[in-house]
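Labels below follow one simple rule: chain letters A, B, ... track the order of the sequence lines, proteins then strands, and each chain is numbered from 1.
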Amino acid sequence: MAERRYDPHQIEPKWQKAWVDGRDFEVDPNSTKPKFYSLEMFVYPSGNIHMGHVRNYALVDAVARYRRMRGFNVLHPVGWDAFGLPAENAAIKHNTHPEVWTRQCIANMKRQLLKLGFSLDWSREFATCDVDYYRWNQWFFIKMFERGLAYRKKSTLNWCPMCETTLANEQVVGGWCWRHEDTLVESRDLEQWFLKITDYADELNAYLDKLTGFPDRTLLMQRNWIGKSEGANIDFPVENSSNRISVFTTRIDTIFGATYMVLAPEHRIVDELVSGQPEERQVKEFREKTRQEDKAERASDPQEKEGVFTGRYALNPFSGERMPIWIGNFVVMEYGTGAVMSVPAHDQRDFEFALKYRLPVRLVIQNRDHSLALDGMREAFIEDGILVESGEFSGQPSSAARASMTAKAERGGFGKSAIQFRIKDWGISRQRYWGTPIPMIHCERCGVVPVPEKDLPVILPRVERFTGTGGSPLSTVPEFINVNCPRCDGMARRDSDTMDTFVDSSWYFFRYCDPRNSDRPFEPKSIDYWFPIDLYIGGIEHAILHLIYSRFWTKMMRDLDVVKVNEPIANLFHLGMVLKDGAVMSKSKGNIVDPDDIVSDFGADTARMFILFLAPPEKELDWDDAAVAGMFKFLQKVFRLVAQNTGWMKDFSATPDEALLSAPAKSLRRKMHQTIKRVSDDLEHRLHFNVSIAAMMELHNEMSAVEAKDLEDPGTRAVFKESCETLIRMISVFAPHIAEEMWELNGHSNRLTRAAWPEYNELLAAEEEIEIPIQINGKVRGRILVAADVSEAEMRERALGDTKVKSWVGDKTVVKFIVVPKRLVNIVVR
RNA sequence: GCGGGGGUGGCGGAAUCGGCAGACGCAUGAGACUUAAAAUCUCAAGCCCCAAAAGGGCGUGAGGGUUCAAGUCCCUUCCCCCGCACCA
């Protein structure tokens, strides 16, 4: 009989069709099994799957398939984050429509994903540009508006001249646009819609402690981003004025050392302070200068600290001291109150500023041994210490002083404890076409009026020509813009902006639970069943953007009584990037590895196995063209081993009887159980499939060492078949097509998608004999082979009996004799 | 500057709890098969020294320490990557 060769191009389409026809990856709605929700981060339909996607899907798919085999009801859905700028830009460039372009991209990427054989539930697929999806964005928006969580304000916003739209703070990376790494973000004053994420800042921060399934660095990045700091707001009266200037400080304990005050140049009070002062002109010139610099190059390096005196004084409410009021380029209006009290002795920045402008320095915090002195002080002492020269508070430690001084300010009505957050409200208006229309109507008589729920959805109208210039494209569609006010029926205008696409991705994973619901975003019961997400995998680049927005959205939905969930994600994992020649793959570098090519050269199974094998998942992976063939060869060898033996295996039904097995058969069986343990552990916890695949290679190596004559023994046959079918089932979560084919060759009529994961037996995995290294003074000098249940006394005896050990010990004195049970012996001699 | 992660053969990496460093693979070398090549199979291989062998020494960025024993723990230091950065 001619032996079957491994031909992925023949077997992969066959099994992909079988899975689809059998609806193998669709969820059973009446299941009593435990649930498992596995998910890759939402994909933007750019047109092609890239290697990063392959890595992500291969990883999650292995876990999803494993969980199915372990008896879980697995949800592994797929969809498209389909709104956004690139579609619009492509429309401009190729003279097409964003929708046409997007649907084409989706179709191609779907084709690619199907070819890779991922176990996705396509029956739940949707795109965020589907009206049936984005109508719920609008519904949520109105609910938020009704609760004051969506509001409108004029403010200075980040504006990307390339995108021609505003950006949220999260989308500005070090002053540059997150999409255009070479484009500096400008500022513009615009009326915009904001979502009040700051209402949830404290909760978002507090819950970080409960997210035990999140990587530490992600928690840290979120904590930094939220930027909670506790302190106090203190009012400083202005001399010869009824005005007070409020400052936020975390170091009220240093307030007796405050010798001057610095305001942000754009602080509201500045005009009034300097009006009529001799300093008026220099202050205004300085303000203008900083504004110019702001626009130019705020991003790159923090400039030299500069400031000018306003000519006015504030009074320190604790010491009564006169403090000159300055304005400075390092004080920003966006944080705190836009004004700071300066304590040069105990803040490095204030110290430098004071030195530069010869402002007084006053030491009010002493270190433990009271050795600080102003003379020769080279830098500020910023640690906590003991208060000195601080009136009634002298002698108190910093932490106690913070409490007692805040209490005094509160009693005196000139301050109170305060918590300051760095996170800002989320600006979601975008002056672009390809997004969710904001369901609001502007009426001259009634003001801003939400579109009534019965009139939802507000459908995105067809715009035919895209120029990429001139503000919101929707404002050019009169039949869309002009509308009667729902309240007074007078002439009114629709909001012409669309929503940030991070709105779409903030709750898409809830919609997957009930994707066809037309009465509500989803049935709450479906959320109760599926949430939280058991495994969520994607790149680190979303550690703050998407992952904070969706946490906020979840809490918002909870407060709308739509869900009971506090946190959407139980376990999060960040995957390393896929590189080529040490660099990110990009068209301009010409170093793109196309998944389609790898699939047509080697097949999907090789592509998936290889990308998992090459590096541990959290690390960067440098694609190696030469090494891919090695993985193909491995699969080929496994296939050949099965094909060569399937003749007898498919009719052979005996299971091994441990008592009757030969030593080599027992050894192979032991290896098999050890491999099950290693692979299962990785699928369960670590996701280090590079090691799992190595373990399966080891098992294969032992199996292929079994010779034809060994197989004459029925016990060996039984073990060989058992190992073979165990290996096939384990491989099936990584390389599912070849596994199905081998399973079928071996006479099985069920598909592996419905088969059970092999069970690990600890007794059978245990070694009978173990090799114990014998060390003399910590160096291995001999080895002994002993029974696995060896006693300590026996280990000691056998170690001393070893001839090599004897010669090393010689007539030296044994000073110490360490026996680590079942592991090693170390003899210390002198 | 602050915070986090990392540095192991020619390469990717393994070593999950302080107990044999280098699993598994790639590349390499030698051999078998072949007229030849490819494919396949077998074997070798961390580095260095002692002519070779037997054997020994050295080895996880560097230096120190704890320990019978350190890639793993502690201290110092260098380098690389990532995040935040006038945050009051």
Give [X] one of three labels, base, sugar-phosphate or nothing, depending on what nucleic acid heavy atoms sit under 4.0 Å from its own.
X: A:Trp623; value: nothing
X: A:Leu614; value: sugar-phosphate
X: A:Leu824; value: base
X: A:Arg678; value: nothing
X: A:Val820; value: base
X: A:Asn826; value: base
X: A:Arg823; value: sugar-phosphate
X: A:Lys804; value: nothing

[Y]/[X] salt bridge by N-O under 4.0 Å criterion:
X: A:Lys416; Y: A:Asp235; answer: no
X: A:Lys228; Y: A:Asp202; answer: yes
X: A:Arg678; Y: A:Glu698; answer: yes
X: A:Glu762; Y: A:Lys677; answer: no
X: A:Asp7; Y: A:Arg5; answer: no

Worksheet item: So, is A:Arg686 near the phosphate of B:A15, with a side-chain N or O under 4.0 Å from OP1 or OP2?
Response: yes
Response to the item:
Exactly one candidate in A:Asp622, A:Asp625, A:Asn591 meets side chain to side chain donor-acceptor pair (under 3.5 Å) with A:Lys580; the answer is A:Asp625
Practice prompt. Specify the residue among A:His688 and A:Pro773 whose closest nucleotide of RNA chain B lies further upstream toward the 5′ end.
Written response: A:His688
Discussion item. Both A:Asp682 and A:Ala339 contact RNA chain B. Taking the nearest nucleotide for each, which residue is further toward the 5' end?
Written reply: A:Asp682
Could you work out which one of [options] sits closest to the side chain of [X]?
X: A:Glu771; options: B:C68, B:C20, B:G83; value: B:C20
X: A:Arg422; options: B:C86, B:G83, B:C87; value: B:C87
X: A:Val331; options: B:A88, B:C86, B:C68; value: B:A88

Worksheet item: Quick one: which of A:Leu621, A:Val584, A:Val54, A:Leu614 gives a side-chain contact (heavy atoms from CB on, under 4.5 Å) with A:Val578?
Response: A:Leu621
Any-strand Watson-Crick or G-U partner of [N], both distances under 3.5 Å:
N: B:C2; answer: B:G83
N: B:C43; answer: B:G29
N: B:A69; answer: none

Practice prompt. Treat primed atoms plus P, OP1 and OP2 as sugar-phosphate and everything else as base, then score nucleotides 24-33 of chain B 5' to 3': B for base contact with protein heavy atoms under 4.0 Å, S for sugar-phosphate contact only, - for none.
Written response: BSS-------
Worksheet entry | side chain to side chain donor-acceptor pair (under 3.5 Å) between A:Ser229 and A:Tyr335, worked out | CA-CA 11 Å; A:Ser229 62; A:Tyr335 186 81; 3.1 Å; yes
Discussion item. Without decimals, in angstroms, what is the distance between A:Glu620 CD and B:G6 P?
Written reply: 14 Å
Worksheet entry | Interatomic distance, A:Glu618 CD vs B:G4 C1' [rounded to whole Å] | 15 Å
